[in-house]
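Below you'll find the structure, written out as structure tokens, and then a few comments.
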Amino acid sequence: MSLRSEDLFLTLSDEVKFDFSQNPFWWPEFGTFWVVIGAILTQNTKWQNVKKALDNLQNANVNCLEDIANLDELSLAELIKPSGFYNTKAKRLSNLAKNIISKFESFDEFKKQVSRKWLIAQKGLGLESVDSILCYACEREIMVVDNYTLKIFEFLDYSFDSYDEAREWLENIDRDAVYAKFGAISDNEIFAKFHGLIVEFCKTRLKSKVFDDVAASLLKKLS
């Protein structure tokens, strides 16, 4: 089987029930500083835990990255406690917020000017977190590769030598095939949707007891 990126995209779009008409870019608060916060809080935890931490921050009148930078780490850790590993995440989040304000002065300038290289150099940000920020906060044309993506590749018997090789395969998608399904959308929206489809599919379908059945079903649809 010679699998193409658009084959996976279109098959998942038929399988997943997520309502993209309500949120075309999938990630909540797309294009805002909240994505930067969420990209750190979501490390090694479930989204419902992140949501509790984000609610705590909103209830504490956090309205911008400057507010994060101005919080002492103990207070920040207490607010984000539901996300787990809260002391480590508070340090990472505080440092990142301070570095963004110091380097770019505002979130809007950060969105315009930040490079992937600069983000990769920030302590506590792996490639998945970096690309999540670029795709969903900065609205860049870049695909996120996460553990769910690797799990799909695994049961499709596809392997790559590096994160970036996997990302490039996913980004090498037939735009016309996507446009036929969703209309002429931007590459940013394509990659945001693609990653969202992978996550939503895996969250609902890849339970250990049905893993083999799901794999067989997906392989059949893609063959």
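Only a predicted model underlies this, so the values are computations on that prediction, with no experimental measurement involved.
- Remark: Asp108 does not engage Lys112 in a salt bridge, criterion side-chain N to carboxylate O under 4.0 Å.
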Can you list the steps and then say if Ile152 with Phe201 is a side-chain contact (heavy atoms from CB on, under 4.5 Å)? CA-CA 10 Å; Ile152 284 182; Phe201 176 80; 4.2 Å; yes
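- By the 4.0 Å N-to-carboxylate-O rule, Asp131 lies too far from Arg140 to be salt-bridged with it.
- A salt bridge between Lys181 and Asp14 is present, with a side-chain N of the basic residue lying under 4.0 Å from a carboxylate O of the acidic one.
- The backbone N or O of Ala53 sits nowhere less than 3.5 Å from a side-chain atom of Lys81 that would complete a donor-acceptor pair.
- Side-chain atoms of Asp67 come within 3.5 Å of backbone atoms of Asn63 as a donor-acceptor pair (strictly under, hydrogens ignored).
- Counted by atom type alone, Ser5 and Glu171 present zero donor-acceptor pairs between their side chains at under 3.5 Å.
- Here NZ of Lys203 is found 9.0 Å from CH2 of Trp47. Values are rounded to the nearest 0.5 Å.
- The closest side-chain heavy-atom distance from Ile173 to Arg4 is not below 4.5 Å.
- One finds the NZ atom of Lys51 at 13.5 Å from the OG atom of Ser83 (value rounded to the nearest 0.5 Å).
- The minimum heavy-atom distance between Glu189 and Pro24, with the atom names listed, is OE2-CB, 3.5 Å.
- In this structure the side chain of Glu141 never reaches within 4.5 angstrom of the side chain of Leu134, judged on heavy atoms.
- The minimum heavy-atom distance linking Phe110 with Ile133 is given by the pair CZ-CG2, 3.9 Å.
- Using a 4.5 Å heavy-atom threshold, the side chains of Leu71 and Val62 count as touching.
- Hydrophobic clustering (ILVMFWY, side-chain heavy atoms < 4.5 Å, transitive): Phe30 and Val199 are in one cluster.
- In this structure the side chain of Val145 never reaches within 4.5 angstrom of the side chain of Glu128, judged on heavy atoms.
- Residues Gly31 and Lys111 share a closest heavy-atom pair of O-NZ, 3.0 Å.
- Both Ile142 and Trp118 are part of a single hydrophobic cluster, where members link through side-chain heavy atoms under 4.5 Å apart.
- Atom CD in Glu168 sits 7.0 Å away from atom OG in Ser162 (nearest 0.5 Å).
- Shortest non-hydrogen contact noted between Asn188 and Cys135 is ND2-O, 3.0 Å.
- For the residue pair Ser75 and Asp72, a side-chain donor N or O sits within less than 3.5 Å of a side-chain acceptor on the partner.
- The hydrophobic clustering, which links ILVMFWY residues whose side-chain heavy atoms are closer than 4.5 Å, places Phe20 and Leu170 together.
- Side-chain contact, Asp146 with Thr149: a donor N or O sits under 3.5 Å from an acceptor N or O.
- Across every non-hydrogen atom of Glu165 and Ser159, the tightest pair is OE2-O, 4.5 Å.
- One distance of note links CD1 of Ile80 with NZ of Lys89; it measures 7.0 Å at 0.5 Å rounding.
- A heavy-atom distance below 4.5 Å is found between the side chains of Ile198 and Met143.
- Ring geometry, Phe160 versus Tyr158: the interplanar angle falls from 30° to 60°, so the pair is classed tilted.
- Smallest separation of non-hydrogen atoms from Val114 and Cys138: CG1-SG, 3.8 Å.
- With hydrogens and angles ignored, the 3.5 Å screen pairs no side-chain donor or acceptor of Asp176 with any backbone N or O of Asp174.
- A donor-acceptor contact shorter than 3.5 Å is absent between the side chain of Ser94 and the backbone of Lys91.
- Remark: Ile101 CD1 to Ser106 OG distance equals 7.0 Å, nearest 0.5 Å.
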Candidate pair Asp55 and Lys52, rule salt bridge (Lys or Arg N to Asp or Glu O under 4.0 Å), full reasoning: CA-CA 5 Å; Asp55 288 343; Lys52 293 174 184 176; over 6 Å; no
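- Proximity of a side-chain donor or acceptor of Asn56 to a complementary backbone N or O of Leu79 within less than 3.5 Å is detected.
- With Phe9 as reference, Phe194 is the one residue of Phe194, Tyr179, Trp169 to meet the ring pair (Phe, Tyr, Trp, His ring centres under 6.0 Å) rule.
- The one candidate from Tyr136, Trp27, Tyr148, Trp26 that meets the side-chain hydrogen bond (donor to acceptor under 3.5 Å, both in side chains) condition with His195 is Tyr136.
- Side-chain contact between Leu156 and Leu3 is present, with heavy atoms from C-beta onward closer than 4.5 Å.
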Apply salt bridge (Lys or Arg N to Asp or Glu O under 4.0 Å) to residues Glu154 and Lys151 and explain how you reach the verdict. CA-CA 5 Å; Glu154 180 184 344; Lys151 198 152 196 156; over 6 Å; no
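- For Gln122 and Asn99, the side-chain atoms include at least one donor-acceptor pair closer than 3.5 Å.
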Using side-chain contact (heavy atoms from CB on, under 4.5 Å), reason through Val16 and Thr204 one step at a time and then give a plain yes or no. CA-CA 9 Å; Val16 170; Thr204 58; over 6 Å; no
Report the C-alpha separation of Val144 and Arg167 in whole Å, then their side-chain angles, then the decisive distance to 0.1 Å, and conclude whether the side-chain contact (heavy atoms from CB on, under 4.5 Å) test is met. CA-CA 7 Å; Val144 179; Arg167 178 177 60 82; over 6 Å; no
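- Looking only at atom types and distance, the side chain of Gln43 has a donor-acceptor partner in the side chain of Arg92 under 3.5 Å away.
- Residues Ile120 and Lys117 fail the side-chain proximity criterion, which asks for heavy atoms closer than 4.5 Å.
- Using a distance-only test at 3.5 Å, with no hydrogens or angles considered, no donor-acceptor pair links the side chain of Ser102 to the main chain of Lys98.
- Interatomic distance, CD1 of Ile40 versus OG of Ser132, reported as 11.0 Å (0.5 Å rounding).
- Contact of the Leu76 side chain with the Leu93 side chain is registered, since non-hydrogen atoms from C-beta on lie closer than 4.5 Å.
- Judged by distance alone, with hydrogens and angles left aside, the side-chain atoms of Thr32 form a donor-acceptor pair with the main-chain N or O of Glu29 at under 3.5 Å.
- Aromatic pair Trp34/Phe107: ring centres not closer than 6.0 Å.
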